[in-house]
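Only one structure is covered here, and it is reproduced in the block below.
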Amino acid sequence: MSDHPASARLPGAGRYASPFRLNLEQQRTRAKELLNALRAGDPAALRRFLLHHPSAPEAAMQPAKLARLSEAQLVIARELGLPSWPRLKAHVEAMDRVWNRIARGDAAPDRGMATLHIRCGSDIGPTLRQAGFTGDFLEYSDPLCQGPVLDGPGWLERRADFLAERFGAGTGQGREEIAGRLAKAEQGLRSAARSHERVVLWFEHDSYDQLILARCLAHFAEAPPRRLELVSPGHYPGGTRFIGLGQLPPEALRLLWEERVPVPEAALRAGQAVWDMLRAPDPRPLADFARDGLPELPQLARAIRRHCQELPWTLDGLGLSERLILQILAGAPRSVGQVFSDLMMEHEPLPWMSDLILLSIVEDMRKAEPSVLEGAFEGEDRYWAKERLALTPQGHAVLAGQADWLSLRPPPRWLGGVLVPGAAPCWRWDEASATVVKA
């Protein structure tokens with residue numbers, strides 16, 4: 001889903017600076033700076049300590065702990081997503097060791113077996129090559145978390161219609177081009193087991209990825225390859241929020257490759273079940289799966305719950321993305337691009353959407369009567385991401401729970417096999433009980 005972040009070449013090192021390429025000396029310096037700030041009683045430093053130290057707030061009541069470098073190093077490690085300073089040191093050393101293998105041109109990690117790498121986008125394709133992988137690459141990037149996903153032989157044609165209508169203008173692709181891409185991805189799945197001994201699935205933790213993973217597992221439950229393996233991280237240590245595999249440098253993909261796991265029969269059956277549930281008109285079985293989960297697919301249940309949260313809530317009729325957008329704009333007007341950045345980096349509990357998906361949600365929110373959003377451009381540049389959005393009085397009323405979102409008759413929409421009609425009654429998500437009800 002995500003592109004590589006902006007980066008700069010490290011002088012003389014042949015590597016690019018990245019929030020996910022950690023420098024141990026730099027982190028030592030940061031720990032000393034934090035220690036000095038704690039000793040000086042800096043409130044921001046104390047907040048960091050309380051947020052990330054595992055024994056806070058008890059530790060904060062002991063001045064001796066605040067004065068120890070080891071405690072500051074622990075906070076730094078946990079800020080970066082690692083449980084301890086020794087684990088941080090080991091991670092940096094592992095990244096450096098793998099980079100040296102890449103720089104030397106060591107043998108391909110996927111050598112010795114005809115391998116197909118499957119990913120829900122093209123983002124890691126070039127990075128896999130940079131990391132020394134030589135296997136084939138299949139992009140399966142249909143955002144099944146959006147629009148109709150129906151049972152029956154014509155489901156792929158319906159997907160092409162939806163994607164062309166919703167995203168064709170933004171991607172510059174016509175309906176036939178989109179249909180061809182979808183058919184090519186499905187054909188790639190069908191031929192995978194025949195043409196490759198090993199298939200490796202690269203999917204992170206969000207609903208965009210995990211629903212496509214379920215589609216792949218449903219297929220491989222019927223036609224399994226000789227070896228089926230999974231790379232599915234829920235996080236990665238770094239100086240910014242982990243959103244997707246596309247953020248990571250080549251050596252990170254090599255380390256994740258070393259942690260890949262075989263896909264057991266139970267996971268194949270679960271993927272098949274989720275694929276059937278996704279296409280059904282009744283979302284209650286999906287909600288049940290989200291509560292129960294499956295140990296073999298630790299990311300899937302959480303992603304399914306997030307998918308169900310896009311249903312209208314019993315609270316106010318808003319889906320979670322719609323509510324988060326209103327909450328962001330309640331603070332102050334922002335450009336569409338700023339809303340997307342704030343949503344992905346701070347507010348969204350499980351970042352899953354692309355900028356074009358956000359735009360499509362915003363456009364639907366404008367069509368309510370009366371509208372909850374108003375927008376204007378401040379200059380001559382009419383690029384969509386620069387339009388400045390603000391809440392209307394009706395938007396404030398919906399956010400405050402004074403009006404139900406569906407009473408404004410927003411456009412109907414599909415969520416998998418579930419039609420959200422834009423008016424009551426319909427399926428709604430009950431956040432308190434994590435269930436779906438008809439209301």
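Keep in mind it's a predicted model, so treat the numbers as computed, not measured.
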Identify, with sequence neighbours excluded, every residue that meets side chain to side chain donor-acceptor pair (under 3.5 Å) alongside [X].
X	answer
Arg181	Ser141
Arg254	none
Arg101	Glu258
Glu222	Gln272

Show me the pairs that pass salt bridge (charged side-chain N to carboxylate O under 4.0 Å, His left out) and involve residues 394-408, at least two apart or across chains. Asp404-Arg428
Can you tell me which residue pairs pass the salt bridge (charged side-chain N to carboxylate O under 4.0 Å, His left out) test with a partner in residues 328-351, sequence neighbours excluded?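 Only Arg306-Glu348, Arg334-Asp342 qualify under salt bridge (charged side-chain N to carboxylate O under 4.0 Å, His left out).
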Of the non-hydrogen atoms in [X] and [Y], which two are nearest, and what is the gap between them?
X	Y	result
Ala214	Val274	CB-CG1, 3.8 Å
Leu406	Cys426	CD1-SG, 3.5 Å
Ile118	Cys216	CG2-SG, 4.2 Å
Leu116	Ala192	CD2-CB, 3.7 Å
Leu297	Ala270	CD1-CB, 4.2 Å
Gln130	Pro250	OE1-CG, 3.5 Å

Could you check Asp110 against Arg198 for salt bridge (Lys or Arg N to Asp or Glu O under 4.0 Å), going step by step and ending with a plain yes or no? CA-CA 9 Å; Asp110 53 356; Arg198 172 171 56 197; 5.7 Å; no
Partners of [X] by side-chain contact (heavy atoms from CB on, under 4.5 Å), sequence neighbours excluded?
X	value
Asp364	Arg166, Lys367, Pro411
Ala266	Arg269, Glu296
Arg302	His205, Leu350
Leu150	Pro148, Arg158, Trp414

Does Arg409 CZ have over 12 foreign heavy atoms under 6.0 Å away? no
Any chance CD of Glu265 has more than 12 other-residue heavy atoms, nucleotides or ligands included, within less than 6.0 Å? yes
Can we say [X] and [Y] salt-bridge, meaning some charged N sits less than 4.0 Å from an Asp/Glu carboxylate O?
X	Y	value
Glu229	Arg260	yes
Arg366	Glu363	yes
Arg48	Glu79	yes
Arg388	Glu374	no

Sorted by chain and residue number, the salt bridge (charged side-chain N to carboxylate O under 4.0 Å, His left out) partners of Glu177 (sequence neighbours excluded) come out as none
For Gln309 and Glu431, which I'm curious about, is there any donor-acceptor pair between the side chains at under 3.5 Å? yes
Under 3.5 Å, is there a donor-acceptor pair linking the side chains of Glu310 and Ser321?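 Side-chain D/A pair, Glu310 to Ser321: present.
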Show your working on side chain to side chain donor-acceptor pair (under 3.5 Å) between His53 and Glu71 and close with a plain yes or no. CA-CA 8 Å; His53 197 285; Glu71 304 299 330; 2.5 Å; yes
Whether [X] side chain and [Y] backbone form a donor-acceptor pair below 3.5 Å:
X	Y	value
Glu157	Gly154	no
Arg119	Glu139	no
Thr115	Met113	yes
Arg21	Pro249	no
Gln247	Arg241	yes

Taking the side chain as C-beta and beyond, is there a heavy-atom pair between [X] and [Y] under 4.5 Å?
X	Y	result
Leu211	Pro143	no
Phe340	Ile328	no
Asp430	Leu315	no
Leu286	Val436	no
Arg305	Phe289	no
Met353	Leu343	yes
Ile304	Ser207	no
Trp405	Pro410	yes

Say you draw a straight line from [atom1] of [X] to [atom2] of [Y]; how long is it, rounded to the nearest 0.5 Å?
X	Y	atom1	atom2	value
Trp275	Leu213	CH2	CG	12.0 Å
Leu278	Cys145	CG	SG	9.5 Å
Leu217	Leu201	CG	CG	6.0 Å
Leu391	His396	CG	NE2	4.5 Å
Asp151	Trp155	CG	CH2	10.5 Å

Show, in sequence, the C-alpha distance, side-chain angles and deciding distance for Gln27 and Leu88, and conclude whether the side-chain contact (heavy atoms from CB on, under 4.5 Å) test is met. CA-CA 9 Å; Gln27 303 311 319; Leu88 169 59; 4.3 Å; yes
From CA spacing to verdict: side-chain contact (heavy atoms from CB on, under 4.5 Å), Leu300, Leu294: CA-CA 8 Å; Leu300 185 57; Leu294 185 76; over 6 Å; no
Between Arg284 and Trp427, does the side-chain contact (heavy atoms from CB on, under 4.5 Å) criterion hold? Intermediate values first, please. CA-CA 9 Å; Arg284 288 175 294 184; Trp427 294 112; 3.5 Å; yes
Using a 3.5 Å cut-off and no angle test, enumerate the donor-acceptor pairs between side-chain atoms of residues 91-98 and protein atoms at least two apart in sequence or in another chain.
{"from": "Asp96", "atom 1": "OD1", "to": "Arg15", "atom 2": "NH1", "distance (Å)": "3.0"}

His117 and its ring pair (Phe, Tyr, Trp, His ring centres under 6.0 Å) partner, picked from Phe203, Phe137, Tyr140, Phe133: Phe133
For a side-chain contact (heavy atoms from CB on, under 4.5 Å) check, start with the C-alpha distance between Ile357 and Phe167, then their side-chain angles and the critical distance, and finish with the verdict. CA-CA 8 Å; Ile357 291 176; Phe167 308 117; 3.9 Å; yes
